[in-house]
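Just below is one structure, and these are the notes that go with it.
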Amino acid sequence: QVQLVESGGGLVQAGGSLRLSCAASGRTFSSYAMGWFRQGPGKERDFVAAINWSGGSTSYADSVKGRLTISRDNAKNRVYLQMNSLKPEDTGVYYCAAAMLFGSSEGTYRYWGQGTQVTVSS
């Protein structure tokens, strides 16, 4: 019912910035909470950030708080992740996901994008 496509990943040096974008197709995009997750090499997929349906509430993993910012534009069916002050440990595949409820648990997310690679060099 909802298709998600991430873009904006790439190579960046430590301390640099990058903005990820997630384009959603579906008539009820604005009804969903949205989240970003990432999976580093040899690691499990971890929660990064979430935003509720209206954009009025956000949540972040402690490791990214103050550096990464999630936002959404429901009129454009898009969610963004602005990434500043990037660190090598931010490297991984970043996934956009949609859920019926706002939260940080991977199991609550119903739809997932294909992922986009972010590599941060030291």
Side-chain angles (χ1 to χ4, degrees):
Q1 293 181 9
V2 177
Q3 185 173 349
L4 306 173
V5 180
E6 303 95 332
S7 62
L11 303 175
V12 63
Q13 293 185 347
S17 297
L18 205 61
R19 189 174 83 154
L20 305 184
S21 179
C22 176
S25 62
R27 301 183 185 91
T28 60
F29 170 76
S30 62
S31 297
Y32 291 92
M34 301 295 296
W36 287 97
F37 293 77
R38 70 186 179 192
Q39 186 170 22
K43 299 180 180 179
E44 296 182 346
R45 186 159 59 188
D46 293 325
F47 169 76
V48 175
I51 189 166
N52 77 334
W53 68 271
S54 69
S57 296
T58 58
S59 180
Y60 298 93
D62 289 342
S63 60
V64 306
K65 188 175 179 62
R67 300 186 300 112
L68 276 59
T69 303
I70 188 171
S71 62
R72 69 190 298 163
D73 186 340
N74 288 342
K76 296 182 178 179
N77 282 7
R78 285 186 177 269
V79 61
Y80 306 96
L81 186 67
Q82 179 65 49
M83 310 168 70
N84 298 327
S85 301
L86 284 166
K87 304 175 180 180
E89 50 263 46
D90 293 318
T91 293
V93 178
Y94 283 69
Y95 298 90
C96 174
M100 295 300 296
L101 298 174
F102 173 62
S104 61
S105 297
E106 181 175 341
T108 68
Y109 286 82
R110 185 173 179 178
Y111 303 103
W112 295 81
Q114 83 288 351
T116 185
Q117 177 70 41
V118 172
T119 302
V120 184
S121 62
S122 61

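Values below: all heavy atoms of this structure, side chains included; hydrogens, waters and symmetry mates excluded.
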### Message
Could you check whether any side-chain N or O of Asn52 sits under 3.5 Å from a backbone N or O of Gly55, counting only pairs where one atom can act as donor and the other as acceptor?
### Response
yes
### Task
Compare every heavy atom of Asp73 with every heavy atom of Tyr80, then report the nearest pair and how far apart it is.
CE1-CB, 4.2 Å
#### Entry: Nearest non-hydrogen partners of Ala61 and Phe47, listed with the distance
CB-O, 3.4 Å
Please tabulate, one pair per line, all N/O donor-acceptor pairs under 3.5 Å involving side-chain atoms of residues 83-99, not counting sequence neighbours.
| unit_1 | atom_1 | unit_2 | atom_2 | d |
| --- | --- | --- | --- | --- |
| Asn84 | OD1 | Ser17 | OG | 2.9 |
| Asn84 | OD1 | Gln82 | NE2 | 3.0 |
| Asp90 | OD1 | Arg38 | NH1 | 2.8 |
| Asp90 | OD1 | Arg67 | NH2 | 3.0 |
| Asp90 | OD2 | Arg67 | NH1 | 2.7 |
| Asp90 | OD2 | Arg67 | NH2 | 3.4 |
| Asp90 | OD2 | Lys87 | N | 2.8 |
| Thr91 | OG1 | Pro88 | O | 2.9 |
| Thr91 | OG1 | Val120 | N | 2.9 |
| Thr91 | OG1 | Val120 | O | 3.4 |
| Tyr94 | OH | Arg38 | NH1 | 2.8 |
| Tyr94 | OH | Asp90 | O | 2.6 |

### Task
Provide the closest heavy-atom pair for Trp36 versus Leu20 in the form atom of the first, atom of the second, distance.
CH2-CB, 3.7 Å
### Query
Minimum heavy-atom separation for Gly35 to Tyr109, with atom names?
N-CE2, 3.5 Å
### Message
Hydrophobic clusters here meaning ILVMFWY residues chained together by side-chain heavy-atom distances under 4.5 Å, can you tell me if Leu18 and Leu81 are in one?
### Response
yes
### Query
According to the interplanar angle, ranging from 0 to 90°, do the rings of Phe37 and Trp112 count as parallel (below 30°), tilted (30 to 60°) or perpendicular (above 60°)?
tilted
### Message
Return the CZ to OG1 distance between Phe102 and Thr108, rounded to the nearest 0.5 Å.
### Response
10.0 Å
### Query
Does CD belonging to Gln3 count more than 12 external heavy atoms closer than 6.0 Å?
no
### Summary
Tightest non-hydrogen contact, residues Met34 and Cys22, listed as CE-SG, 4.5 Å
### Message
Do Ile70 and Leu68 land in one hydrophobic cluster if side-chain heavy atoms of ILVMFWY residues count as linked below 4.5 Å?
### Response
yes
### Message
Would you compute the distance between atom OG1 of Thr58 and atom NZ of Lys65 and round it to the nearest 0.5 angstrom?
### Response
7.0 Å
### Query
Can you get from Met100 to Val79 by hopping between Ile, Leu, Val, Met, Phe, Trp and Tyr side chains that sit under 4.5 Å apart?
yes
### Task
Mind listing the closest non-hydrogen atom pair of Tyr32 and Val2 along with its distance?
CE1-CG2, 3.6 Å
#### Entry: Atom pair CG/OG of Leu4 and Ser25 - distance to nearest 0.5 Å
7.5 Å
### Query
For the side chain of Glu6 and the backbone of Gln114, is there at least one donor-acceptor N/O pair under 3.5 Å apart?
yes
